[in-house]
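The structure under discussion appears below in the form of structure tokens.
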Amino acid sequence: MEWLEEELDKAKTPIIIFSHQGLGKDGVDNAADIRAMLEVHNKKAKKNKVIVNFYGHIHYDRADEINGIWYVCINSMSYKWLGEEYGHVRYSEQVDKDFKWIKYTAPYKDPLYTVIEISTKGTITIAGKKSEWVGLPPEKVGFPVQNPEYEVPEIRARVLKFKP
């Protein structure tokens, strides 16, 4: 936290934070404390210097604006982790043998990726990319999908607005 605060104070340009685990609603254990620090920094700067946090740990397609800062989860490029209790062979026996953990995932047919453009006019444009599940979707193997809106084999196209 001290390191981040020092870096925020030194920054002269708009700030984009990339992290593996997020700082939003479903983020790291101290996410609320970090968000509060980012919000204080924006108040001190008298503008939204901290614009967005991009992350991916939870393999969701999600974007939340919290107090003027966007928290965007960029979906995994290849799969949703289900866990050992939801194992399901989706490929050949050889693939299953060579990649022992693959049966515990819900893989995407095509790799997901995106291009993001951030405009000085106050927009974050995220290009969309759709795929489909290989084999049965998570809910069909008994996986308790808790957030069907976010647990999808795609990255949705979005235009998010922020105050420049």
Side-chain angles (χ1 to χ4, degrees), residues 1-83 86 101 104-133 137-139 143-164:
M1 296 271 298
E2 289 175 22
W3 170 85
L4 180 58
E5 192 161 21
E6 288 173 14
E7 292 300 309
L8 293 171
D9 288 340
K10 287 192 294 189
K12 303 289 185 222
T13 59
I15 299 166
I16 300 163
I17 298 172
F18 294 90
S19 56
H20 177 78
Q21 290 184 290
L23 306 175
K25 296 175 185 174
D26 46 24
V28 296
D29 291 344
N30 63 341
D33 296 332
I34 296 170
R35 284 195 310 272
M37 179 175 46
L38 300 177
E39 292 164 18
V40 165
H41 183 76
N42 279 353
K43 283 181 185 164
K44 280 194 320 191
K46 297 184 179 161
K47 63 180 180 178
N48 276 18
K49 219 170 142 187
V50 180
I51 298 168
V52 62
N53 164 225
F54 292 109
Y55 64 101
H57 176 73
I58 57 175
H59 297 212
Y60 280 177
D61 176 57
R62 180 174 177 171
D64 297 304
E65 186 271 333
I66 303 172
N67 298 326
I69 301 170
W70 282 99
Y71 298 88
V72 180
C73 185
I74 302 294
N75 204 347
S76 166
M77 70 175 290
S78 58
Y79 69 94
K80 169 81 180 153
W81 176 257
L82 303 180
Y86 305 105
W101 298 107
Y104 308 122
T105 69
Y108 308 143
K109 180 181 176 192
D110 308 293
L112 297 180
Y113 57 89
T114 190
V115 173
I116 298 171
E117 295 179 34
I118 301 176
S119 167
T120 56
K121 295 178 181 167
T123 58
I124 302 167
T125 303
I126 302 171
K129 175 71 175 158
K130 289 185 179 188
S131 187
E132 57 189 54
W133 303 109
E139 64 274 10
F143 182 78
V145 174
Q146 297 174 359
N147 297 290
E149 178 184 351
Y150 311 131
E151 297 181 49
V152 293
E154 73 177 290
I155 296 170
R156 289 183 188 92
R158 291 185 165 92
V159 177
L160 310 173
K161 297 188 184 297
F162 67 93
K163 283 187 178 180

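Hydrogens, waters and symmetry mates play no part in the numbers below; they use all other heavy atoms, side chains included. Note that the structure is a prediction, hence the values are computed from the model and not measured.
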>> Which residue is it: Y150, Y108, Y113? I am looking for the one with a side-chain hydrogen bond (donor to acceptor under 3.5 Å, both in side chains) to N75.
In response: Y108
>> With heavy-atom distances below 4.5 Å as the criterion, would you say the side chains of R35 and N53 are in contact?
In response: no
> Looking only at heavy atoms, which two atoms of D61 and R158 are closest? And how far apart?
Replying inline: OD1-NH1, 3.2 Å
> Between I74 and I155, is a side chain to side chain contact (heavy atoms under 4.5 Å, CB included) present by the stated rule, with each step listed?
Replying inline: CA-CA 7 Å; I74 302 294; I155 296 170; 3.9 Å; yes
> What distance separates I51 CD1 from I118 CD1, expressed to the nearest 0.5 Å?
Replying inline: 6.0 Å
>> Is the shortest side-chain heavy-atom distance between I58 and Q21 below 4.5 Å?
In response: no
> If every non-hydrogen atom of W70 is compared with every non-hydrogen atom of K161, which pair is closest and at what distance?
Replying inline: NE1-O, 2.8 Å
> In terms of the angle between their ring planes, are W101 and W81 parallel, tilted or perpendicular, with boundaries placed at 30° and 60°?
Replying inline: tilted
>> Let's go through I124 and V159 carefully: what are the C-alpha distance in whole Å and the side-chain angles of both, what is the deciding distance for side chain to side chain contact (heavy atoms under 4.5 Å, CB included) to 0.1 Å, and is it a yes or a no?
In response: CA-CA 6 Å; I124 302 167; V159 177; over 6 Å; no
> Do M77 and P111 have side-chain heavy atoms sitting under 4.5 Å apart?
Replying inline: yes
> Judged by atom type as modelled, is there a donor-acceptor pair below 3.5 Å linking the side chain of K49 to the main-chain atoms of A11?
Replying inline: yes
>> Quick check: do V50 and L8 have side-chain heavy atoms less than 4.5 Å from each other?
In response: yes
>> Which heavy atom of G56 sits nearest to which heavy atom of C73, and what is that distance?
In response: CA-SG, 3.9 Å
> Taking only residues two or more places apart in sequence, or in another chain, which ones meet D64 in a side-chain hydrogen bond (donor to acceptor under 3.5 Å, both in side chains)?
Replying inline: R62
>> Within the 4.5 Å heavy-atom criterion, are E154 and K129 side-chain neighbours or not?
In response: no
> Looking only at heavy atoms, what is the nearest atom pair of M1 and I34, with distance?
Replying inline: SD-CG1, 3.3 Å
>> Can you see whether Y60 engages N147 through a side-chain donor-acceptor pair at a distance of less than 3.5 angstrom?
In response: yes
> Are the side chain of H59 and the backbone of Y79 linked by a donor-acceptor contact shorter than 3.5 Å?
Replying inline: yes
> With no hydrogens and no angle check, is any side-chain donor or acceptor of N48 less than 3.5 Å from a backbone partner on K163?
Replying inline: no
> Is any side-chain heavy atom of I69 less than 4.5 Å from a side-chain heavy atom of F162?
Replying inline: no
> If we only count heavy atoms from C-beta on, is the L82 to T105 side-chain gap below 4.5 Å?
Replying inline: no
> Would Y55 and D26 count as having a side-chain donor-acceptor pair, cut-off 3.5 Å?
Replying inline: yes
>> To the nearest 0.5 Å, what is the distance between CD on E132 and NZ on K109?
In response: 4.5 Å
>> Distance check, rounded to the nearest 0.5 Å: L23 atom CG versus L38 atom CG?
In response: 6.5 Å
> Quick one: side-chain hydrogen bond (donor to acceptor under 3.5 Å, both in side chains) pairs with a partner in residues 114-124, sequence neighbours left out?
Replying inline: none
> If you look at every heavy atom in E5 and M37, which pair is closest and at what distance?
Replying inline: CB-SD, 3.6 Å
> So which heavy atom on L112 is nearest to which on S131, and how close?
Replying inline: CD2-CB, 3.9 Å
>> Within a 6.0 Å radius of atom CG on D9, are there more than 12 heavy atoms belonging to other residues, nucleotides or ligands?
In response: yes
> Can you tell me how far CG of L4 sits from CD of E7, rounded to the nearest 0.5 angstrom?
Replying inline: 8.0 Å
>> Evaluate I66 against E39 for side chain to side chain contact (heavy atoms under 4.5 Å, CB included), listing each step before the verdict.
In response: CA-CA 9 Å; I66 303 172; E39 292 164 18; 4.3 Å; yes
> Taking side chain as C-beta onward, heavy atoms only, is Y71 less than 4.5 Å from E65?
Replying inline: no
